[in-house]
Amino acid sequence: MKIAICPGSFDPPTSGHIDIIERASKIFDHLIVTVAINPAKTPLFTIEERVEMLKESTKHLPNVEIDSFQGLLVEYAKKRGAKVIVKGLRAITDFEYEFQMALINKKLAEDIETVFLMTKAEESFLSSSIVKELASLKGNVKGLVPENVEKKLLEKFNLKGR
Ligand code: PNS
């Protein structure tokens with residue numbers, strides 16, 4: 001059984017994340033999408049909210065599990081029996097950071113491979129940060145995030161009933 005881990009902050013999950021998760025779920029037998037608990041960051045959504053949003057927006061994918069983790073990703077991957085880390089890659093700007101992460105993870109765990117799926121061209125501009133900024137400025141995020149996430153963003157920024 002080929003188990004892969006798809007880690008991220010998912011603050012919040014975007015349509016780009018869901019696209020990568022859907023495509024990865026077709027490649028691997030079991031895909032664990034895991035939300036990183038990073039005490040150094042101040043996220044908009046709690047871990048529980050992010051896990052819940054991911055569960056709701058991936059409920060059509062039977063081989064996808066949603067979880068969270070704290071600490072080193074490779075340690076979590078080992079614990080879960082995964083040999084592959086899947087990441088989405090958007091543009092050149094993602095490359096340097098992702099390259100560094102892939103190399104440090106390889107250094108830490110020789111037998112774990114990082115694989116990258118290229119984002120859809122039409123979603124290559126999307127990021128959780130831009131979605132949060134747009135929502136905070138009362139911009140329309142329809143289509144940029146799953147519907148349940150859009151609802152949560154509207155609640156967060158008190159834009160109910162727009
Ligand atoms: O969605 P993001 O913010 O790009 O996700 C980054 C994430 C969570 C995948 C990355 O920060 C991570 O793997 N964090 C866990 C800590 C770790 O293992 N770091 C690498 C070795 S220092």
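Counting starts at 1 for both ligands and their atoms, following the listed order.
For the pair Lys151 and Glu56, the salt-bridge criterion is not met [side-chain N within less than 4.0 Å of a carboxylate O].
No more than 12 heavy atoms of other residues, nucleotides or ligands sit less than 6.0 Å from atom CD of Glu147.
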Which protein N or O atoms sit under 3.5 Å from any N or O of ligand 1? Give each pair with its distance.
| unit_1 | atom_1 | unit_2 | atom_2 | d |
| --- | --- | --- | --- | --- |
| ligand 1 | 1 (O) | Ser9 | N | 2.9 |
| ligand 1 | 3 (O) | Ser9 | OG | 2.6 |
| ligand 1 | 18 (O) | Leu73 | N | 2.8 |

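Partners of Phe116 by ring-ring contact (aromatic ring centres under 6.0 Å, His included), not counting sequence neighbours: none found.
Applying the side-chain contact (heavy atoms from CB on, under 4.5 Å) test between Thr58 and each of Val33, Ile18, Asn63, Leu31 identifies Ile18 as the sole match.
Lys132 places a side-chain N or O within donor-acceptor distance of the main-chain N or O of Asp11, the cut-off being under 3.5 Å.
The two residues Glu123 and Ser15 have their closest heavy-atom pair at OE2-CB, 3.6 Å.
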